[in-house]
There are 2 protein chains.
Amino acid sequence: MPTPVATPMRRESPVVPVQETQAPCCVPSHGQESLLAGEAEALAARFKALADPNRLRILSIVSSSPDAETCVCDLSEPLNLGQPTVSHHLKIMVEAGLLTREKRGVWAYYSLVPGALDSLAATLSPKASR
Amino acid sequence: MPTPVATPMRRESPVVPVQETQAPCCVPSHGQESLLAGEAEALAARFKALADPNRLRILSIVSSSPDAETCVCDLSEPLNLGQPTVSHHLKIMVEAGLLTREKRGVWAYYSLVPGALDSLAATLSPKASR
DNA sequence: ACGGGAGATTGACAATCATCGATATATGCA
DNA sequence: TGCATATATCGATGATTGTCAATCTCCCGT
């Protein structure tokens, strides 16, 4: 990410005293960043795992499954997706910490990581997390 | 989206009686889709708006602003992004229903849509929404 | 009317992503 | 041992996305 050498349009502090026309605007009163770049990146990675309709449907199917676990072959057909694609989506969600994989025999069973969705939800509306 | 004419690997019902080796697996007992394709698409669109670190930081800055509203020029500098890029991100979030835009004079002030984040959070963990 | 500045829009480009077909790995059964 | 099957991985491809420079539009003060 090349640092833009000169951001074209930012005024430092007004040399000419602000004319008091309306709100002064653009007084960046944030002493500190509210969300650091690193945290933002990590959070965005988890939301990215949710930012696909087929992955949301997978989550929905997994969580509404009788034992809250599903194997790949249960997903391929209702989603109308090929098996490699389903495997790919599942891997993304496992890496995002949303699902866990348990292999039993030839089959791989996926289930929700307890609390993962809740902690994400708490990030969105802290007061709702109780 | 071309309908795959034949999904390669799905077994209908086992012609040979299941040998009772382990779990039967692959008994898609979902009579109905838990999350319809349309809803999934709409939900994913909103999560897509959250799936970028710079947009998350924008949300954070806007919500921690004194009056919970911010103008574009307040964002460009702390994010180290050009003005067109910030405008672009803001537009995406307005279209996702997360922010509202109010133009006052030459400036455009953005603020959180009340309840938008909470309703998204409720989608993630319904029981936590109170 | 004019000029300046805030913000939106456009076009381009590199990077990432979703999907697929083909192939590889591994497990259970005969 | 050898075969059939469930899942993972690989390589390729078309679509989407984040970013920027350049330009456009609109509002305001002179």
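To find a chain, count down the sequence lines: A is the first, B the second, and so on, and within it residues start at 1. Every heavy atom of this structure was used, including side-chain atoms; hydrogens, water molecules and symmetry mates were not.
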Q: State which of C:dG21, C:dG5, D:dT7 makes the closest approach to the side chain of A:Cys73.
A: D:dT7
Just the table, please: protein N/O against nucleotides 12-18 of chain C N/O, every pair under 3.5 Å.
residue: C:dA18; atom: OP1; partner: A:Arg55; partner atom: NH1; Å: 3.2
residue: C:dA18; atom: OP1; partner: A:Arg55; partner atom: NH2; Å: 2.7

Q. Under 4.0 Å between a side-chain N or O of B:Arg101 and OP1 or OP2 of C:dG7?
A. no
Q | Whole-Å distance separating the CG atom of A:Leu90 from the C1' atom of D:dA8 | A | 11 Å
Q. Considering residues at least two apart in sequence or located in another chain, which fulfil the side-chain hydrogen bond (donor to acceptor under 3.5 Å, both in side chains) criterion with A:Ser111?
A. A:Thr100
Q: Can you sort out the partners of A:Pro53 under side chain to side chain contact (heavy atoms under 4.5 Å, CB included), two or more places apart, ordered by chain and number?
A: B:Ala40, B:Glu41, B:Ala44
Q) So, for A:Gln83 and A:Val72, which heavy atoms are closest and what is the spacing to 0.1 Å? A) CG-CG1, 4.2 Å
Q. For B:Thr123, which residues count as a side chain to side chain contact (heavy atoms under 4.5 Å, CB included) partner, sequence neighbours excluded?
A. B:Leu43, B:Arg46
Q | B:His89: side-chain hydrogen bond (donor to acceptor under 3.5 Å, both in side chains) partners, not counting sequence neighbours | A | B:Arg55
Q: For the side chain of A:Ala108, starting at C-beta, report the closest nucleotide among D:dA8, D:dA21, D:dA6.
A: D:dA8
Q) How many Å lie between CE on B:Met93 and P on D:dT17, as a whole number? A) 15 Å
Q: Quick one: which residue pairs count as a salt bridge (charged side-chain N to carboxylate O under 4.0 Å, His left out) with a foot in residues 79-102 of chain B, not counting sequence neighbours?
A: B:Glu102-B:Arg104
Q) For the residue pair A:Lys103 and A:Val106, what are the closest heavy atoms and their distance? A) CE-O, 3.9 Å
Q: Starting from C1' on D:dA8, measure out to OH on A:Tyr109 and report it in whole angstrom.
A: 17 Å
Q: Specify the separation, in whole Å, of atom CG of B:Leu99 and atom P of C:dA8.
A: 12 Å
Q) In terms of side-chain heavy atoms of A:Gln83, which of D:dT9, D:dA8, C:dG7 is nearest? A) D:dA8
**Q.** Length of the CH2-P vector between A:Trp107 and C:dT25, whole Å
**A.** 22 Å
**Q.** Any B:Lys91 side-chain N or O less than 4.0 Å from OP1/OP2 of C:dT9
**A.** yes
Q: Whole angstrom is fine here: how far is it from NZ in A:Lys103 over to P in D:dA6?
A: 12 Å
Q) For B:Glu77 and C:dA6, what is the distance between atoms CD and C1' respectively, to the nearest whole Å? A) 16 Å
Q: Would you mind reading off the distance between A:Glu102 atom CD and D:dA6 atom P, rounded to a whole angstrom?
A: 18 Å
Q) Hey, is the side chain of A:Tyr110 poking within less than 4.0 Å of OP1 or OP2 on D:dA6, counting only N and O atoms? A) no
